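Take a look at the structure below.
Note that this is a predicted model, so its numbers are computed, not measured.
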Amino acid sequence: MEERKGAKPSKVEDGEKWVYDSSLDHKGNVPLRARTGVWKASLFIVAIEFSERLSYFGIATSLIIYLTKVMHDDLKVAAKSVNYWSGVTTLVPLFGGFIADAYLGRFKTVLASSIIYLLGLILLCMSWFAPSLRPCDTKSCHGPRKIHEVVFFLAIYLVSIGTGGHKPALESFGADQFDDDHPEERKQKMSYFNWWNFGLCCGLLLGVTVVVYVQDHVSWGVADIVLTAVMAVSLVIFIVGRTNYRYRKPTGSPLTPMLQVLVAAIAKRSLPHPSDPAQLYEIPKSEKVHGRLLCHTKNLKFLDKAAIISAQNLAEKPSPWRLATVTKVEEMKLVLNMIPIWLATLPFGMCVAQASTFFIKQGATMNRNIGNGFEIPPASIFSLAAIGMIISVTFYEKLLVPVLRRTTGNERGINILQRIGIGMVFSIATMAAAALVEKKRLGAVESDPVKGSHSMSVLWLAPQFVIIGLGDGFTLVGLQEYFYDQVPDSMRSLGIAFYLSVIGAGNFLSSLLITAVDHITEKGGKSWFGKDLNSSRLDRFYWVLACIAAANLCVYVFLARRYSYKTVQKVAVVADCYEGELEKGGPMA
């Protein structure tokens, strides 16, 4: 590995040529920096994400319309079905991320889950075109045809399972293409999450405009064929790019080391803490280390006892169940520190859940003509959220970050938790705007029961969609960065799954809240959720969500100000540490 004849390259030169971050190329060798990774690899990965989001939102945003219009479900039943499906779709990634990190690796997980996803789309096509599986004629029946219902839900839950492996593994696989220890690539990784979401939003935008238009004006089946074809093509593109990727070997279950730390800490609970943290056990500098080492932190001191070197540890070769390294202890602390933040982001997930259910159904009851007889499909109004997110991400990446980098000296511009908190403010504003618009819509129905809310343009919903889109550009992107960056390096697919689980758990909590509010208000005389929107009081439900989100924001700020970020030992000087956030001051200061 000499750069020129007769001269051995320095460590810096060697590090510029090769990637020493535990990555491998497609042949299992140390990757050559110039030929692998960074944007040349990430573009292939963003391409398949684009098509997956096109397919997902083509299904998700129209699902409540399909359930009520084609399968004739009541509004309440349809909303719950959508929330349950969305919840499963965003919670299954916890399992998919675990499999990717522990056993299959990210590339193989993406490949396998994409095939399952494709099978779900093919079955969706069959549920429309196969004569024995087709839905019943809307003119002759008032309930779902059982065989179509079974096959349809089987198809969309296959899509859920495919998403479960696809989402956590693909996004973390894309981020793996950038070397954290290389200054230029580390900055590019910060931009990666912004441009990942830009590509995601472009797929979303086409999904809720072109695909939804085909569903509404041509055929649901034709739209399914389009989604299937796009997904198949993108899978081929992903495979073609395999020689450009950097790969990570699966390291076994990431849960086992955490359990070992807990067992060792309990076994040594009676031992006193050493006065100097340097006395705690860590892998010697002379040994080859797989992955990065973490620095000791002062929180959750009980777990430090797992790294105390006892007389028994000196007498025999220590078992990992009796002696843990400082790095393993700190990884356990990272996961425990993330739990309060995860819980504090759930109300945001509940607010986001409304955009794909009640917001879409609201649009279906309003005047969707925008001139020359062109009628917008109800789900296409969701495109405003995608536009809002694209504007937010572009503004943040191109204008805000450069200014804030110079002002704060922070590599990211602002801290991750600050970015998430800003988006939460937007979610409160979204619910308030939605409540005011729904109140006006109900007023229009009351003043003219015949024409109803058709006297109002669907563009009245634009503020709530644009605001939630702007908020997503801060909170959703921030959550992706946070859960990828702050988890142990061996759990990065699971980290993305934790981010997705915020949305999934938010959907389930939204369904539980609907059930609870329905039960309570029905006891009071009349439920806020009637058979249709005109007999419901969604405006009051939105105000309840706004209050929950506002109260939660106060809790979130309290937690964020006390949060301790991951501290990583530098490569050149093992004893020297730097915070993963490279920040100045507290996270919400």
Side-chain angles (χ1 to χ4, degrees), residues 57 60-65 68-69 75 78-79 82 201 204-205 207-209 212-213 215-217 350-392 423 425-473 510 514 528-547 549:
F57 281 101
T61 51
S62 295
L63 186 54
I64 195 165
I65 303 297
T68 52
K69 186 178 178 181
L75 174 64
V82 173
C201 286
L204 187 161
L205 198 55
V208 300
T209 51
V212 167
Y213 182 83
Q215 291 169 342
D216 205 52
H217 291 85
M350 294 170 67
C351 294
V352 169
Q354 311 314 311
S356 59
T357 53
F358 290 134
F359 285 12
I360 302 296
K361 195 61 182 173
Q362 281 177 286
T365 68
M366 301 171 82
N367 181 7
R368 291 178 278 119
N369 289 312
I370 58 171
N372 297 324
F374 182 78
E375 188 175 67
I376 305 173
S380 290
I381 191 69
F382 196 88
S383 62
L384 292 173
I387 292 169
M389 189 171 181
I390 289 172
I391 292 170
S392 177
V425 175
F426 279 100
S427 71
I428 298 168
T430 300
M431 290 298 103
L436 294 172
V437 171
E438 177 62 6
K439 178 69 173 175
K440 182 174 179 60
R441 193 193 69 81
L442 290 173
V445 172
E446 189 176 349
S447 61
D448 188 355
V450 177
K451 197 171 183 181
S453 55
H454 279 281
S455 60
M456 286 180 65
S457 168
V458 73
L459 294 179
W460 274 93
L461 298 178
Q464 63 204 62
F465 276 105
V466 171
I467 295 170
I468 196 67
L470 294 172
D472 287 350
S510 178
I514 290 171
W528 287 0
F529 302 98
K531 184 166 178 64
D532 54 36
L533 281 184
N534 293 341
S535 59
S536 302
R537 290 305 305 265
L538 283 186
D539 57 323
R540 295 176 181 174
F541 179 67
Y542 291 152
W543 281 121
V544 169
L545 279 172
C547 292

List the atom of L545, the atom of M350, and the distance in Å for their closest heavy-atom pair. CD2-CE, 3.9 Å

So do Q354 and Q464 actually touch side chain to side chain, heavy atoms under 4.5 Å? no

Working to the nearest 0.5 angstrom, can you tell me the gap between L459 CG and M366 CE? 8.5 Å

Roughly how far apart are F382 CZ and L461 CG, rounded to 0.5 Å? 12.5 Å

Restricting to non-hydrogen atoms, name the atom on I467 and the atom on A433 that form the minimum distance, rounded to 0.1 Å. CD1-CB, 4.3 Å

In chain order, what residues pass the side-chain hydrogen bond (donor to acceptor under 3.5 Å, both in side chains) check against Q215, with sequence neighbours excluded? S62

Are the side chains of I387 and L205 in contact, using a 4.5 Å heavy-atom criterion? yes

Do you know the tightest heavy-atom contact between M431 and A546? CB-CB, 3.7 Å

Side chains of K439 and L442: closer than 4.5 Å at any heavy-atom pair? no

Pairwise distance NZ(K361) to OG1(T68) - rounded to 0.5 angstrom: 3.0 Å

Minimal non-hydrogen separation, L533 against E438, with atom names: O-OE2, 4.4 Å

Any chance CH2 of W528 has more than 12 other-residue heavy atoms, nucleotides or ligands included, within less than 6.0 Å? yes

Is the ring pair F529/F358 parallel, tilted or perpendicular, if the boundaries are 30 and 60 degrees? parallel

For I65 versus A364, what's the shortest heavy-atom pair and its separation? CD1-CB, 4.0 Å

Value rounded to 0.5 Å, distance of CD1 in I376 from CZ in R368: 8.5 Å

Close side-chain approach of F541 to I514, heavy-atom, < 4.5 Å: yes

Compare all side-chain heavy atoms of D216 with those of K69 and state whether any distance is below 4.5 angstrom. yes

Step-by-step side-chain contact (heavy atoms from CB on, under 4.5 Å) determination, I381 to F359: CA-CA 9 Å; I381 191 69; F359 285 12; over 6 Å; no

Just wondering, do R441 and N534 contact through their side chains at under 4.5 Å, heavy atoms? yes

I390 side, atom CD1; L470 side, atom CG - distance, nearest 0.5 Å: 11.5 Å

Would a 4.5 Å heavy-atom cut-off, applied to side chains only, mark I360 and F465 as touching? yes

Rounded distance (nearest 0.5 Å) linking atom OG of S392 with atom CG of D472: 8.5 Å

